[in-house]
Amino acid sequence: MATLKIKKGDMVKVIAGRDKGKEGKVIAINRKKNTLIVEGVNMVTKHMKPSMQNQQGGIVHQEGPIHISNVMYVHKGQPTRVGFKFDGERKVRFAKSTGEIID
């Protein structure tokens with residue numbers, strides 16, 4: 001499986017869909033479906049039955065998954081594409097707009 005260019009904890013900007021223009025932090029990634037969950041983006045309403053963890057039950061608002069192709073990495077406030085290069089022996093991500101190493 002190919003390495004993903006976006007990781008958990010990255011700041012991303014939504015570039016397509018209902019929430020276009022919103023920015024948020026990546027909470028979780030599903031590598032099999034190529035989707036991710038972004039904080040405050042694609043909010044869905046879920047009806048929860050009362051359980052041991054959720055005594056009250058009721059209507060819960062939570063983030064839904066969004067396809068990885070609909071977001072761009074944000075580097076220094078600007079959305080940018082991400083590439084890979086070798087820094088000595090390590091393979092690192094870099095911002096294609098500035099050429100700076102991300103991590």
Side-chain angles (χ1 to χ4, degrees):
M1 182 178 280
T3 56
L4 297 177
K5 296 182 178 185
I6 295 175
K7 294 182 179 180
K8 182 179 175 180
D10 286 347
M11 281 296 292
V12 294
K13 184 172 188 172
V14 180
I15 58 170
R18 183 180 69 197
D19 294 317
K20 183 177 180 178
K22 287 187 181 178
E23 287 187 15
K25 191 173 167 183
V26 176
I27 299 170
I29 296 178
N30 185 342
R31 296 175 70 84
K32 287 193 178 196
K33 293 185 180 179
N34 283 332
T35 59
L36 44 89
I37 296 176
V38 181
E39 205 171 67
V41 175
N42 193 23
M43 297 301 287
V44 293
T45 304
K46 191 165 185 173
H47 297 268
M48 300 293 284
K49 207 173 193 180
S51 65
M52 291 302 280
Q53 290 87 11
N54 187 5
Q55 298 283 334
Q56 195 67 25
I59 298 171
V60 178
H61 297 284
Q62 63 187 32
E63 293 92 355
I66 185 170
H67 198 268
I68 203 161
S69 67
N70 293 336
V71 297
M72 269 184 113
Y73 180 80
V74 175
H75 182 68
K76 294 186 179 178
Q78 290 293 105
T80 182
R81 292 185 296 168
V82 176
F84 289 101
K85 67 180 177 182
F86 285 96
D87 185 30
E89 290 292 314
R90 285 185 12 178
K91 184 178 178 183
V92 294
R93 295 187 300 164
F94 73 99
K96 288 199 173 184
S97 60
T98 60
E100 292 180 36
I101 293 175
I102 297 168
D103 55 0

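Quantities reported herein were computed from a predicted structural model and do not represent experimental measurements.
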Open item on the list: Under the criterion side chain to side chain contact (heavy atoms under 4.5 Å, CB included), I'd like the reasoning laid out for Ile66 against Val14: C-alpha separation, chi angles, the key distance, then a yes or no.
Closed with: CA-CA 9 Å; Ile66 185 170; Val14 180; 3.9 Å; yes

Name each donor-acceptor pair under 3.5 Å that joins a side chain in residues 92-99 to protein atoms two or more places apart or in another chain, with its distance.
| unit_1 | atom_1 | unit_2 | atom_2 | d |
| --- | --- | --- | --- | --- |
| Arg93 | NE | Asp103 | OD1 | 3.4 |
| Arg93 | NE | Asp103 | OD2 | 3.4 |
| Arg93 | NH1 | Lys5 | O | 2.8 |
| Arg93 | NH1 | Asp10 | OD2 | 2.8 |
| Arg93 | NH2 | Asp10 | OD1 | 3.4 |
| Arg93 | NH2 | Asp10 | OD2 | 3.4 |
| Arg93 | NH2 | Asp103 | OD2 | 3.2 |
| Ser97 | OG | Thr80 | OG1 | 3.0 |
| Thr98 | OG1 | Glu100 | N | 3.3 |

Task: Side-chain heavy-atom pair Ile6, Val82 within 4.5 angstrom cut-off - done: no

Task: Inter-residue atom distance Asn70.CG - Lys13.NZ, 0.5 Å rounding - done: 14.0 Å

Open item on the list: Looking at Asp19 and Lys22, is any side-chain nitrogen of the basic one under 4.0 Å from a carboxylate oxygen of the acidic one?
Closed with: yes

Task: Spatial distance of atom CD (Glu63) from atom CD1 (Ile27) [nearest 0.5 Å] - done: 4.0 Å

Review item, side-chain donor-acceptor pairs of residues 35-47, under 3.5 Å, at least two apart:
| unit_1 | atom_1 | unit_2 | atom_2 | d |
| --- | --- | --- | --- | --- |
| Asn42 | OD1 | Arg18 | NH2 | 3.1 |
| Asn42 | ND2 | Pro65 | O | 2.8 |
| Thr45 | OG1 | His61 | ND1 | 3.4 |

Open item on the list: Return the CZ to NZ distance between Arg31 and Lys33, rounded to the nearest 0.5 Å.
Closed with: 15.5 Å

TODO: May I ask you to check whether over 12 heavy atoms, not counting those of Gln56, lie within 6.0 Å of atom CD?
DONE: no

Open item on the list: Nearest 0.5 Å, please: how far is CE in Met72 from CD in Gln78?
Closed with: 10.0 Å

- [ ] Starting at NZ of Lys25, measure out to NZ of Lys8 and round the result to the nearest 0.5 Å.
- [x] 9.5 Å

Task: Ile102 to Tyr73 - nearest heavy-atom pair and separation - done: CG2-OH, 3.1 Å

TODO: Provide the closest heavy-atom pair for Asn34 versus His67 in the form atom of the first, atom of the second, distance.
DONE: O-CD2, 3.5 Å

